[in-house]
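Reminder, nothing fancy here: chain letters follow the sequence lines and each chain counts from 1. On a predicted model such as this, the values are computed, not experimentally measured, just so you know.
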Amino acid sequence: MNTDVYKESPVVHQPAFIDGHSVEIPILKVLQQDGTVYEGAELPEIDQESATKIYKTLAFHRVLDERMVASQRQGRLSFYMTALGEEAASVGGAAGLKPQDMIMAQYREQGALMYRGFSLENFMNQMFSNEKDLGKGRQMPIHYGSRELNYMTISSPLATQIPQATGYAYGQKLQGLDAVTICYFGEGAASEGDFHAGLNMAAVHRAPVIFFCRNNGYAISTPADEQYAGNGIASRGVGYGIKTIRIDGNDILAVLKATQDARTYALAENKPVLIEAMSYRLGAHSTSDDPSGYRTREEEAKWQAHDPILRMKNWMLANKWWDEAQETTLFDKLREEVLAAVKVAEKIDKPPVEDLITDVYDEPPTLLKAQLAELKVHIKKYPEAYPFTAGRIK
Amino acid sequence: MNTDVYKESPVVHQPAFIDGHSVEIPILKVLQQDGTVYEGAELPEIDQESATKIYKTLAFHRVLDERMVASQRQGRLSFYMTALGEEAASVGGAAGLKPQDMIMAQYREQGALMYRGFSLENFMNQMFSNEKDLGKGRQMPIHYGSRELNYMTISSPLATQIPQATGYAYGQKLQGLDAVTICYFGEGAASEGDFHAGLNMAAVHRAPVIFFCRNNGYAISTPADEQYAGNGIASRGVGYGIKTIRIDGNDILAVLKATQDARTYALAENKPVLIEAMSYRLGAHSTSDDPSGYRTREEEAKWQAHDPILRMKNWMLANKWWDEAQETTLFDKLREEVLAAVKVAEKIDKPPVEDLITDVYDEPPTLLKAQLAELKVHIKKYPEAYPFTAGRIK
Amino acid sequence: MAQMNLLHAINNALDIAMTENERAVCFGEDVGHFGGVFRATSGLQEKFGKLRCFNTPLVEQGVIGFANGLAAQGSVPIAEIQFADYIFPAFDQIVNESAKFRYRSGNEFDVGNLTIRTPYGGGIAGGLYHSQSPEAYFAHTPGLKVVVPRNPYQAKGLLLASIRDKNPVIFFEPKRLYRASVGEVPLEDYQLPLGKAEIVTPGSDITLLAWGAQMEIIEKAAEMAAADGISCEIIDLRTILPWDIETVVNSVTKTGRLVVSQEAPLTAGFASEIAATIQKECFLHLESPIARICGMDTPYPLSLEKEYVADHLKVYEAIKHSINY
Amino acid sequence: MAQMNLLHAINNALDIAMTENERAVCFGEDVGHFGGVFRATSGLQEKFGKLRCFNTPLVEQGVIGFANGLAAQGSVPIAEIQFADYIFPAFDQIVNESAKFRYRSGNEFDVGNLTIRTPYGGGIAGGLYHSQSPEAYFAHTPGLKVVVPRNPYQAKGLLLASIRDKNPVIFFEPKRLYRASVGEVPLEDYQLPLGKAEIVTPGSDITLLAWGAQMEIIEKAAEMAAADGISCEIIDLRTILPWDIETVVNSVTKTGRLVVSQEAPLTAGFASEIAATIQKECFLHLESPIARICGMDTPYPLSLEKEYVADHLKVYEAIKHSINY
Ligand SMILES: Cc1ncc(C[n+]2csc(CCOP(=O)(O)OP(=O)(O)O)c2C)c(N)n1
Ligand SMILES: Cc1ncc(C[n+]2csc(CCOP(=O)(O)OP(=O)(O)O)c2C)c(N)n1
Ligand SMILES: [Mg+2]
Ligand SMILES: [Mg+2]
């Protein structure tokens, strides 16, 4: 009851306004750009094997992004979104969890899915929306999803996954599972009403969900300082009564540490956690965007120097867990594999016309079946107008 | 840019989670229940004349609420909502402002409208939705509004007025007016997405709006501790970077002081302020509600002892600005006036049938005119079925 | 069998659903301890515990967002929106999320377990924000099912079917009838089919079609018409989406005339869809234009409610007009 | 006169509106410095300053809530929703607030100065969340005006009329045509009337009706039909709400046949309203059923877009079917 607030607030007799700076929010940094660990820093659980897996995932991410942007420029792909410069947030987040944890992402977290082992073919089939796409070619590129890998299919409307993640985690709690939900979103999406709903409900109903905000400084062209006036997104955690931490999002060890700790806490206490990972969107918002319309090269260059992948590489090298020869082999192999996979995926057929009406409901209703039947008759009448499907209609 | 946050956060190398208790929020109290002012308390601007006006408004509020609940029980009125026990929030808020300031209320702030001088007849005509109602009898009782008095017509959907208040205040700023907007809402409504939108936008776009949360412990049957898990609503101000103050909502001098200071600040800085007034909804949510289904008499009794009107009376008496004789005269007169006004208002005709189609648009479209014409023919055919209007159709 | 009002029937259906399936969860504003402002969830928290029946914070977009997530997880959420007039803050979660969840994922994920209950409709002196009938807003949304019961028996059977259906269902409850409509309801479990209209009264001269609380109105009009010797075939659509075109087509093919009545405003209401479809399917059988008797194209009024609504007299006039066309 | 594409025409209309009225304000996500993701507000911040043209935080319910308040205050807000697919979080602010603001207050307050601009429609490989045509959702809402232009000339004249109209207007911009549609546009100020359909091509055998980007489709179908000797009367509805019943009734009374085409799914789309009204008004003149050629009753697909859409071939088939009925 609010009686508590009434009773427990310290009493003053002269107006005492508080403001955004009434709370200090430290930022966790573990790894320096040159690969050395800060003195006294607490390391996450990590060994050579897990580190190598993480690093290889980061490398795959970088190569895939690079190649797909090129494919898009060549007109082979309609659309793409990179996570250039902020790959540590998604990959490190996934690495800090268990495979049974649900990942509910925004769209720039393909790294988490890579870490979970989504195959190159699966990525390609989605991007080329061919008939082998798990999503049946229905969504724009990068809207991946996999039940097997507990990675919720991406939805374009922003922030809708936030209250959904609260509900998902509440269900996990009801079942008593050893599982939490991680929910990714950008600092832009955090302005949506659904953000407010999701965080408040998680706190009130004690859902084991990790809210992971990627604060990369921009929402398309809108800089963070036109998005909010408070102390980042972390300062909002205070208002919801949610345990909150701010981290360097380009520091894979900080991401890993925060996520591991958050998971332990969320599960033990049945409570949400908010992580704000500070980073920078080094690339364009998407292949449809040109950032030169709203920011400077200098600003970008400054953040180039914080490359999270290079930072991890430096650490791996320093640890002698990795060497330059391995590096060259890995990147060469990845580039080749991706190129080959593009060539395969772009040749695979579009989904059959029947897929137009499946999955709208569990079973197509009568009217929808009639619409399909009519469509088939029509296509047969004008086969040249519908080249992808005409030949395949029985 | 978020670069600032990135750069300015103090750096740590071991996880340091913050939580709801990272910020301490004091509560402002000026007046004690016995009518004495706390030692060292800073008083608002107030003199005998303004104090008397405030006190008479509080008295009118108490009497109107009492009488209208009785009228509803007698079946003369369909619905009513009191503000029993929290009248100081609305009356004190209005008293802290200038007449040109816009008031955008939730529904339990009739006190602010009383303070502005809305006539007893106007109140009655709205409640009896007769043809003299400024709102043309279209909304349920207590949904008052007056352009003349800068009191925005109440809308039932909760929290919609919050981003609207931001927009309204932004418009005042654009015009360079000596005017701010005050926006009232309950701690329940503060859970809506519109709350998040309104506060964040006000902070980012620097709108001179005073967000005034009446935290009265309940949203219908839902206690505040099932509404949020943070430190009240004030703790959210921190997240938006909004100057925030918590006050004793039953302390008229604290309300007045906070509102006066908030107005000065909002206007000078073009920035929003958040006030959280702690109070208690002593009555039922509305005449349709029965609180015995969800709370105890003891809890209510505890809050009876904090009656804001009695508290002000004690202060007035102590100041010798008021005496018991005046008290009796005032309350007797008010009761009589209200009773008489009910009798008048309930006999006034319903609005004419033409009012069905006005104000949907600035001018009724063709189809709507045709629908009205058809309706009139129909009513003439079955006059006994439409007794309120049949006799008045030409 | 027991005498129940519509609220009891709903409460009874919820009780059965929560008893049979421990993953069923009921929530919404004031739904917990208090049992909802209309008391539809009365006693459920006591019986099934606070984790399975609870108050939510006051945020409809959150209620449905949470429900979507819970449904995707495999639980069986039964979410209440306190008044249908307040469903709009959740419109995005329903129309862009619930409705498209299965489709967009290629059936990797779905929210088929979701049921949304909400009281709708006028006739209670509620004015423009406690009287709306927003079914048409949802009917334009493939992926949703939309169901409206007309009495306690229908309410229980259709609600149980909605909860068990593997698609997101919006279940509109006619609040004017919550206590007013009383009837015999089996105590045991039963279901009524979704997507099937019901011929409530067979007839030969004209077809009358409605749903929910409006059924009472057309039945009253049919009685008046019967006194004039007009035989009305009365159909309760029951499911608005996907709707039972076949039953309506068969009826109109037989009678040659159709009056559709809805509480919501005329323009772009669901009656329009019915008229559009039937004029096509029954073109050669129609002996008079299809009539739509609906609310006027304004917000729902308060003091002029009587004049505004599609009452039995207006429906009766439409019947006569159609017959004499 | 100048050659402009649809985006330029809109930008030009905004420029004129902001120049003539210093209380006009443009805002929305990315609308400020960048000029919007489609660049419709390009140059406006530079010209009119940051206070009158700006980025909002990413929150559609806030954008429209803010706009409602600003309009009530007497300013002239022109709010952009980045894609019509993302208008739903603002549905409550539009349907319960903008639409009912004047009515509920008895005209004490209104938001008549409000205009909401938003790009809608498919044909751009956008899949289910960048292709929707949600006009019907708003058409069921008395109090709103809903406008859709088909080309640059129409866009400028209708947008200026929408901004100046004393009612809240939703202005849907056919994004497929943003750059594709180019035409002569006067540089000076002019307005086209709201609530008036336009007979684009007179004809005698059948009436074809559509709006926005779909106009191109029915014009193409009409050309094919012309080759068969069928004379089509082509009407652009232009305003969806309140719509111009008279023009359509007059046309169908003359031709006896009607094909309505819309991008949105069939069920409960606005074509249904048109069919429902016209079957009544023109009952004795109709020589064949009114045909609706629409999107299928599914979300908007990606890879099967070509098959899904109401293309000219489907419209052409409907014309022939109607003529040969
Ligand atoms: C509800 C909604 N509104 C608008 C958009 C269009 N949009 C797509 S991404 C984006 C910016 C998101 O920024 P942020 O959340 O910071 O994520 P980032 O792109 O930086 O990773 C916008 C406005 C959308 N997809 N959904
Ligand atoms: C959008 C919306 N949802 C639900 C309701 C129903 N409702 C009316 S008042 C109320 C409780 C409001 O509580 P609070 O904001 O704390 O204000 P209080 O009644 O305590 O003054 C609810 C749920 C509504 N009017 N609007
Ligand atoms: Mg961002
Ligand atoms: Mg309250």
Side chain, backbone, both or neither: which part of [X] has an atom under 4.5 Å from a heavy atom of chain C?
X       : answer
Q172(A) : both
M102(A) : side chain
T358(A) : backbone
I357(A) : neither
L367(A) : side chain
V204(A) : side chain
I162(A) : neither
F195(A) : neither
R147(A) : both

Side chain to side chain donor-acceptor pair (under 3.5 Å) involving N270(A) - partner list, sequence neighbours excluded: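 Counting only residues at least two positions away or on another chain, N270(A) forms no side chain to side chain donor-acceptor pair (under 3.5 Å).
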Sort T56(C) into side chain, backbone, both or neither according to what part of it lies under 4.5 angstrom from a heavy atom of chain A.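 Both parts, backbone and side chain.
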Using heavy-atom distances under 4.5 Å, tell me whether F101(C) contacts chain A through its side chain, its backbone, both, or neither. side chain
SB check [X] [Y] (cutoff 4.0 Å):
X       : Y       : value
D359(A) : R104(C) : no
D110(C) : K100(C) : no
E109(A) : R214(A) : yes
E363(A) : K369(A) : no
R164(C) : E20(C)  : yes
K47(C)  : D15(C)  : yes

In terms of heavy-atom pairs under 4.5 Å, which option from Y170(A), Y144(A), Y361(A) contacts chain C the most?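 When all of Y170(A), Y144(A), Y361(A) are compared, Y361(A) has the most.
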So, S272(C) versus R292(C): side-chain donor-acceptor pair below 3.5 Å or not?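 Yes, because at least one side-chain N or O of S272(C) sits under 3.5 Å from a partner of the opposite role on R292(C).
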